[in-house]
Amino acid sequence: MSQPTARKHTALPKARILIEALPWLTRHHGKTVVIKFGGNAMVDDELKAAFAQDVVFLRHAGLRPVVVHGGGPQISAQLDRHGLVSEFKAGLRVTTDEAMDVVRMVLAGQVQRELVGLLNRHGPLAVGMTGEDAHLMSATKHFAEIDGEQVDIGRVGQITEIDTGAVQALLDDGRIPVVSSIARSADDGHVYNVNADTAAAALAAALGAETLMVLTDVEGLYADWPNSDEVISKLTASELEKLLPELASGMVPKMEGCLYAVRNGVTTARVIDGRVQHSILLEIFTDEGIGTMVLPDPDNKNNKAEGADR
Ligand SMILES: Nc1ncnc2c1ncn2[C@@H]1O[C@H](COP(=O)(O)OP(=O)(O)O)[C@@H](O)[C@H]1O
Ligand SMILES: CC(=O)N[C@@H](CCC(=O)OP(=O)(O)O)C(=O)O
């Protein structure tokens, strides 16, 4: 006779989790979420499979997820196999013509294929593309600014234009676009290596996404890195702008991207720990949230577009 009561008690926490998700499910329904999956967050097969489950969950919960992936460590490993060195200037890979072939091969032929495969274990959902496809991303050659000087870092591109047509059509068709951060220049016809954080932020803004979510290998933005591991849980665009000059390495394009996104119509940009299994679901569907959240300025004074309540 005690069986039904015991079952009731064990089922309750599960029901609570689902109920906690209800307002978030309502709020995010139909909204576009751009998720940047960093190469450093692709730690092991289990985590990658959990990432795919989360993205498919979002899609079945009525959101419109778009994945932009990185692959920095994977590119460095492949360059190494080819006897080519990896050098970074101002956080960006110095990309020779020879290295560009490797970058394209690793991002579009290896990392993107793996993610598409993992997502499609759950159904015919994911479609891979690079910025070259359907003119998704056009770029021009980018020069790094170091100590006030413009430095040539090879085939590194900055995005000049985004044509969201193909991505919107895929989303309307219920698919999950998986985008590699490579773009072609209409001027010189070359393909360029674009930092994946920058590409994700630009795409989120162009799509009018509600959320940009950046998965990386730290808990969020640390206030005083590397001296302390205190995570800044929330900050406005203006607060972030003041912090930018103090940031180092990989965090620079990430936080610049978050700033760009919230200043260009994205409601929130979040940096979360991709090493935590199901971090996407925890961030989107629970009350606590994890990581760092960047919000537009309350009065929208520096924002190009209204960011709130979209
Ligand atoms: N203030 C900061 N807070 C957190 N991480 C920081 C900070 N400044 C620099 N970093 C570094 O940035 C790294 C994340 O960037 P990156 O290595 O490019 O990751 P990803 O491959 O996910 O894009 C962290 O592992 C950390 O070493
Ligand atoms: C220009 C530039 O630096 N491009 C990056 C593109 C991949 C990337 O951004 O990957 P993560 O997000 O894993 O760092 C690179 O070549 O490493």
Side-chain angles (χ1 to χ4, degrees), residues 35-43 47-48 51 67-80 84-96 98-108 110-112 115 130-131 137 139 141-144 151-159 179-183 191-203 213-233 235 240 242-258 270-276 279 291-292 294:
I35 303 158
K36 191 275 173 151
F37 196 23
N40 278 313
M42 298 170 192
V43 179
L47 261 176
K48 283 186 263 189
F51 166 85
V67 176
V68 177
H69 67 85
Q74 294 80 353
I75 295 168
S76 298
Q78 194 60 247
L79 285 172
D80 193 45
L84 299 168
V85 285
S86 289
E87 187 192 357
F88 288 83
K89 285 189 179 166
L92 301 169
R93 184 184 305 278
V94 178
T95 310
T96 59
E98 206 180 359
M100 186 64 225
D101 289 340
V102 175
V103 169
R104 198 162 172 227
M105 185 178 76
V106 172
L107 292 182
Q110 190 183 316
V111 180
Q112 183 213 86
L115 295 178
T130 81
M137 292 170 186
K141 185 175 163 72
H142 174 78
F143 290 84
V151 179
D152 189 340
I153 50 173
R155 288 271 206 100
V156 173
Q158 67 187 49
I159 294 173
V179 180
S180 311
S181 57
I182 296 160
V191 281
Y192 283 97
N193 178 12
V194 179
N195 176 275
D197 295 312
T198 315
L203 185 55
M213 195 176 288
V214 181
L215 268 67
T216 185
D217 66 343
V218 280
E219 290 162 274
L221 177 65
Y222 295 132
D224 183 21
W225 187 84
N227 305 315
S228 131
D229 60 1
E230 186 201 328
V231 174
I232 303 174
S233 61
L235 75 173
L240 173 57
K242 284 194 204 106
L243 271 182
L244 276 181
E246 291 161 35
L247 299 182
S249 63
M251 266 299 135
V252 176
K254 256 177 248 317
M255 299 321 296
E256 280 177 350
C258 289
R270 300 144 188 249
V271 177
I272 63 170
D273 194 340
R275 300 166 307 175
V276 175
S279 52
T292 299
V294 184

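Computation of the quantities below employed the complete heavy-atom set of this structure, encompassing side-chain atoms and omitting hydrogens, waters and symmetry-equivalent molecules. Ligands are counted one by one from 1 in listed order, and the atoms in each one are counted from 1 as well. Just so we're clear, the structure is a prediction, and the values are computed from it rather than from any experiment.
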- Query: Of the listed options (Arg93, His142, Arg155), which comes nearest to atom 15 (C) of ligand 2 when hydrogens are ignored and any heavy atom counts?
  - Reply: Arg93

- Message: I'd like to check whether Ala196 has a polar contact with ligand 2, where a contact means an N/O of the residue lying under 3.5 Å from an N/O of the ligand.
- Response: yes

- Message: Please list, in number order, the atoms of ligand 1 under 4.0 Å from a heavy atom of Val218.
- Response: 4 (C), 5 (N), 24 (C), 25 (O)

- Item | Exercise: identify the closest heavy-atom pair between Glu219 and Asp229 | OE1-O, 4.4 Å

- Does ligand 1 have an atom that lies less than 4.0 angstrom from a heavy atom of Gly39? yes

- Task: Answer whether the closest heavy-atom distance between the side chains of Tyr192 and Ile182 falls below 4.5 Å.
- Result: no

- Query: Touching ligand 1 at all, Lys36? Heavy atoms, strictly under 4.0 Å?
  - Reply: yes

- Task: For Asp217, counting its heavy atoms only, list the atoms of ligand 1 lying under 4.0 Å from any of them.
- Result: 14 (C), 24 (C), 25 (O)

- ligand 2 contacted by Ile153 (non-hydrogen, < 4.0 Å): no

- Message: I'd like to check Val271 versus Cys258 (side-chain heavy atoms, cut-off strictly below 4.5 Å). Are they in contact?
- Response: yes

- Among all protein heavy atoms, pick out the one at the shortest distance from atom 27 (O) of ligand 1; state its residue, atom name and that distance to 0.1 Å. Trp225 CZ2, 3.1 Å

- Query: Do the non-hydrogen side-chain atoms of Leu115 and Met42 ever get within less than 4.5 Å of each other?
  - Reply: yes

- Just need the protein heavy atom nearest to atom 6 (C) of ligand 1, so name the residue and atom and give the distance. Met251 CG, 3.0 Å

- Is the closest side-chain heavy-atom distance between Leu235 and Leu243 below 4.5 Å? yes

- Message: Tell me which one of Leu107, Thr95, Leu79 satisfies side chain to side chain contact (heavy atoms under 4.5 Å, CB included) with Val102.
- Response: Leu79

- Message: Distance under 4.0 Å to a non-hydrogen atom of Thr216: what atoms of ligand 1 satisfy this?
- Response: 14 (C), 19 (O), 20 (P), 22 (O)

- Counting each atom of ligand 1 from 1 as listed, which ones have a heavy atom of Lys254 under 4.0 Å away? 14 (C), 15 (O), 18 (O), 19 (O), 20 (P), 22 (O), 23 (O)

- Message: Using a 4.0 Å cutoff against the non-hydrogen atoms of Asn195, which atoms of ligand 2 qualify?
- Response: 1 (C), 4 (N), 9 (O)

- Query: Can you tell which part of Thr95 has a heavy atom less than 4.0 Å from ligand 2: side chain, backbone, both or neither?
  - Reply: neither

- Query: Which protein non-hydrogen atom lies closest to atom 16 (P) of ligand 1, naming both residue and atom, and how far is it?
  - Reply: Asn40 ND2, 3.6 Å

- Minimum heavy-atom distance between Val231 and Gly220, given as atom pair plus value: CG1-CA, 4.1 Å

- Message: Tell me if a side-chain donor or acceptor on Arg275 pairs with a main-chain N or O of Val43 at a distance below 3.5 Å.
- Response: no

- Message: Considering non-hydrogen atoms of the protein only, which is the closest contact for atom 1 (N) of ligand 1, and what is the distance?
- Response: Tyr222 O, 3.2 Å

- Can a donor-acceptor pair be found between the side chains of Arg104 and Ser180 at a distance below 3.5 Å? no

- Note on the structure: Shortest non-hydrogen pair, His69 vs Ala196, comes out as O-CB, 3.5 Å

- Query: What atoms of ligand 1 come closer than 4.0 angstrom to any heavy atom of Ala248?
  - Reply: 8 (N), 9 (C)

- Enumerate the atoms of ligand 2 whose separation from the nearest heavy atom of Gly72 is less than 4.0 angstrom. 10 (O), 11 (P), 13 (O), 17 (O)

- Closest protein heavy atom to atom 11 (C) of ligand 1, given as residue, atom name and distance to 0.1 Å: Ser249 OG, 3.5 Å

- Message: Polar contacts were defined as any N/O atom of the residue lying under 3.5 Å from an N/O atom of the ligand; does this apply to Gly91 and ligand 2?
- Response: no

- Query: Which residue owns the protein heavy atom closest to atom 15 (O) of ligand 1, what's the atom, and how far is it?
  - Reply: Gly250 CA, 3.3 Å

- Task: Ignoring angles and geometry beyond distance, decide whether Asp197 reaches within less than 3.5 Å of ligand 2 through its nitrogen or oxygen atoms.
- Result: no

- atom 12 (O) of ligand 2: closest protein heavy atom, distance to 0.1 Å, is Lys36 NZ, 2.4 Å

- Note on the structure: Note: Asn193, heavy atoms under 4.0 Å from ligand 2, region reported as both

- Have Ser279 and Asp273 got a donor and an acceptor in their side chains that come within less than 3.5 Å? no

- Task: Could you tell me whether the side chain of Lys141 and the main chain of Gly154 form a donor-acceptor pair under 3.5 Å?
- Result: yes

- Given Gly39, Ala41, Gly71, which has its nearest heavy atom closest to atom 10 (O) of ligand 2? Gly71

- Query: What are the two closest non-hydrogen atoms of Gly91 and Asn195, and how far apart are they?
  - Reply: O-ND2, 4.5 Å

- Pull out every atom of ligand 1 sitting under 4.0 Å from any heavy atom of Gly220, numbered as shown with elements. 3 (N), 4 (C)

- Query: Would Thr292 and Arg270 count as having a side-chain donor-acceptor pair, cut-off 3.5 Å?
  - Reply: no

- NZ/NE/NH1/NH2 to OD/OE distance under 4.0 Å, Asp197 and Lys254: yes

